Amino acid sequence: MTLVGETLPPDPRVSDLYHVHTNQPPPLPTDKGIRSEKPSEEAMQTRLERLGRERPPVFTIWWRESIFVFSIAMSQLLTEFFVSGFTVILPTLITELDIPRASSVWPATAFSLAIAGTLLVFGRLGDMWGGYQVFLGGLVWLLIWSIIAGFSINPLMLDFCRALQGLGAAAFLPTGIMLMGSLYRPGPRKNLVFAIYGTSAVLGFFGGIFVAGIVGQYLSWGWYFWIGAILTAITIATSALSVPRSRPERSRLCAAVKMDYPGALAIITGPTLIVVAITQSAHTAAAWRTPYIPIIFSLGMLALIAFAYIETYSATHPLLPSSIWKGSAMLPLCVAICLLYGTWGIFSVYGTLYFQNVMSVSPLQVVAWYAPLGIAGLLLSIAEGFILHLVPGRILLIISGLGATGSQLLLALMPLEKANYWAWVFPATIMSTIGIDLATILLTVFVTTTFPAAQQGLAGAVVNSVLQLGVALTVGLTDIIQSKKVSEVGLARSYKCTFWFGVGAGALSLAIMIVWGKVAKATSGLTADEKAELLQEAEQCQEPRPG
């Protein structure tokens, strides 16, 4: 008997689709469970097409699926809410909490850095304990520290709360993707669900700026965190009602997954120390000549080298198995989208700062300027969900790269005085959402379809690690550029330098995707587990029989 809300394991009879002794397809799962049908009723591909459009069997009624998708999408929205809005509220916090200029970057960086450093660890915990437990636990953790953050009385307390907020997001981001990836088969329905998930990031970005603008204009800054806490509480309630209660004992695969503690320590330490060194170097008088900066950077690099060695030669259950890079498109795709999402970090951070500090735009006017981003992102993401199975991935990646590069180019070329919003900012905003939406949705669908059910937590961790590291590293590097150039060329032109850096990052990403971005259409088909079982059966059939 299957519990309501429990993830169903792959049907062992699916492997008979290509059985060597018959051309007839076997019974396959439907939304009413596993049932027998006459093999002659449907061709194999027709059945796969039908299954790719059906509601997963675990959702017996449509509204349960709707609430589930809402809950997972809200988790992504909350992450972007606490990233984008904080940039708008930061000038108020600098004044209210007396944050030194050299330390002003840390409240914004701490959140993303905590996420980037621990995603793989929480992804593994999801594979070990089940997605529901880690997902809901991350939301509860975010709720607690969002409430406390609103009562911060000094910069240290704010930095601490922001970092702990990031740990909550690091828990629910990979497990949210894990839950969706394990429930939905490859096909149009999965594409649409992941498109909705991608749309929530854009809406969260706009929502964060909107709330921060209202709070900065009319309320105490603490309400920015408390409104985020209210949204988190709503997400917890809907998640408790709809997210499948997957249990570790439901699968022998889950029981076999273990934590790689040396690898976890190395991957948390490495990126954290490197980003700290890069970011802090921009705010010390002697920069890299400051003794502790190169020491921290070197320790971070050594930790990454140790992580690579542990995962390749030492770990029994590596956090990042080398097998995931065997696909010809995986590594180039991750590198390209890491750079691409980095341009989004430049746009969201330095674009907002440029509008406020150079163009003298009020927080509420920034909200109005970003409104087209939310509308365009919503329409674009939903449209992509309907065409992912029709259009080759390389075409979508190239369009995405052109959008990201064009957005940065418009900001870099925009006149310093009397720049027209409709001529420069509006098209840059539209192109930026084209740049990130198409590529990130495609990456999420591609990775979750490639990984087996036992590694869906890893799949979610890989996707979010690519995105968060892209933002953390790119913003850290541009912070160095902007800090060094501001005394030479002035504030406005120093921001322009960050946009030119974004043009270079976007162009490099586009070049990688043109050459190596060979990604097939996201059509209905077999899952990774079914393909592996098929291959195993084929190998057994080819073995010589005794006698």
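Note that the structure is predicted; figures quoted are calculated from it, not measured.
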Any chance you could measure [X], atom [atom1], to [Y], atom [atom2], to the nearest 0.5 Å?
| X | Y | atom1 | atom2 | result |
| --- | --- | --- | --- | --- |
| Ile375 | Leu203 | CD1 | CG | 10.0 Å |
| Leu467 | Ile436 | CG | CD1 | 9.0 Å |
| Leu442 | Asp437 | CG | CG | 12.0 Å |
| Ile337 | Thr440 | CD1 | OG1 | 7.0 Å |
| Cys338 | Leu333 | SG | CG | 11.5 Å |
| Tyr309 | Tyr313 | OH | OH | 8.0 Å |

Is there a donor-acceptor pair under 3.5 Å between the side chain of [X] and the backbone N or O of [Y]?
| X | Y | result |
| --- | --- | --- |
| Ser483 | Ile480 | no |
| Trp344 | Val471 | no |
| Thr238 | Thr235 | yes |
| Ser509 | Ala505 | no |
| Thr433 | Thr429 | no |
| Arg124 | Pro318 | yes |

Any side-chain heavy atom of [X] within less than 4.5 Å of one from [Y]?
| X | Y | result |
| --- | --- | --- |
| Leu136 | Ile236 | yes |
| Glu311 | Asp260 | yes |
| Phe194 | Ile177 | yes |
| Val202 | Leu380 | no |
| Phe501 | Thr474 | yes |
| Thr79 | Phe172 | yes |
| Leu183 | Phe59 | yes |
| Ile72 | Phe135 | yes |

Taking all non-hydrogen atoms of both residues, which atom of [X] and which atom of [Y] are closest, and how far apart?
| X | Y | result |
| --- | --- | --- |
| Gly403 | Ile434 | CA-CG2, 4.4 Å |
| Lys190 | Val445 | NZ-O, 4.2 Å |
| Pro332 | Trp516 | CB-CB, 3.4 Å |
| Trp141 | Leu164 | NE1-O, 2.9 Å |
| Pro174 | Asn464 | N-ND2, 3.9 Å |
| Val83 | Ser112 | CG2-OG, 4.2 Å |

**Request:** Could you check Phe210, Phe347, Tyr370, Phe86 and say which one makes a ring-ring contact (aromatic ring centres under 6.0 Å, His included) with Phe205?
**Result:**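 So, applying the ring-ring contact (aromatic ring centres under 6.0 Å, His included) to Phe205 and each of Phe210, Phe347, Tyr370, Phe86, only Tyr370 qualifies.
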Side-chain atoms of residues 406-414: list all donor-acceptor pairs with protein atoms under 3.5 Å, sequence neighbours left out, distances to 0.1 Å.
{"from": "Ser407", "atom 1": "OG", "to": "Ala428", "atom 2": "O", "distance (Å)": "2.9"}
{"from": "Gln408", "atom 1": "NE2", "to": "Thr343", "atom 2": "O", "distance (Å)": "3.1"}

Can you tell me how the ring of [X] sits relative to the ring of [Y], calling it parallel under 30°, perpendicular over 60° and tilted otherwise?
| X | Y | result |
| --- | --- | --- |
| Tyr224 | Phe81 | parallel |
| Phe355 | Trp369 | perpendicular |
| Phe82 | Phe111 | tilted |
| Tyr495 | Tyr350 | tilted |

Name each donor-acceptor pair under 3.5 Å that joins a side chain in residues 394-401 to protein atoms two or more places apart or in another chain, with its distance.
{"from": "Arg394", "atom 1": "NH1", "to": "Ile514", "atom 2": "O", "distance (Å)": "2.5"}
{"from": "Ser400", "atom 1": "OG", "to": "Gly435", "atom 2": "O", "distance (Å)": "2.3"}
{"from": "Ser400", "atom 1": "OG", "to": "Ala439", "atom 2": "N", "distance (Å)": "3.4"}

Go through Phe206 and Glu80 one step at a time and tell me if the side chain to side chain contact (heavy atoms under 4.5 Å, CB included) criterion holds. CA-CA 9 Å; Phe206 175 73; Glu80 291 297 328; over 6 Å; no
As a quick check of understanding, evaluate side chain to side chain contact (heavy atoms under 4.5 Å, CB included) for Phe297 and Ile274, giving each step before the final call. CA-CA 5 Å; Phe297 184 81; Ile274 289 173; 3.8 Å; yes
- CA sep, side-chain torsions, deciding dist, call: Tyr421, Val361, side chain to side chain contact (heavy atoms under 4.5 Å, CB included): CA-CA 11 Å; Tyr421 166 78; Val361 175; over 6 Å; no
- [ ] Decide yes or no on side chain to side chain contact (heavy atoms under 4.5 Å, CB included) for Ile481 and Trp500, but give the supporting numbers first.
- [x] CA-CA 10 Å; Ile481 295 171; Trp500 282 114; over 6 Å; no
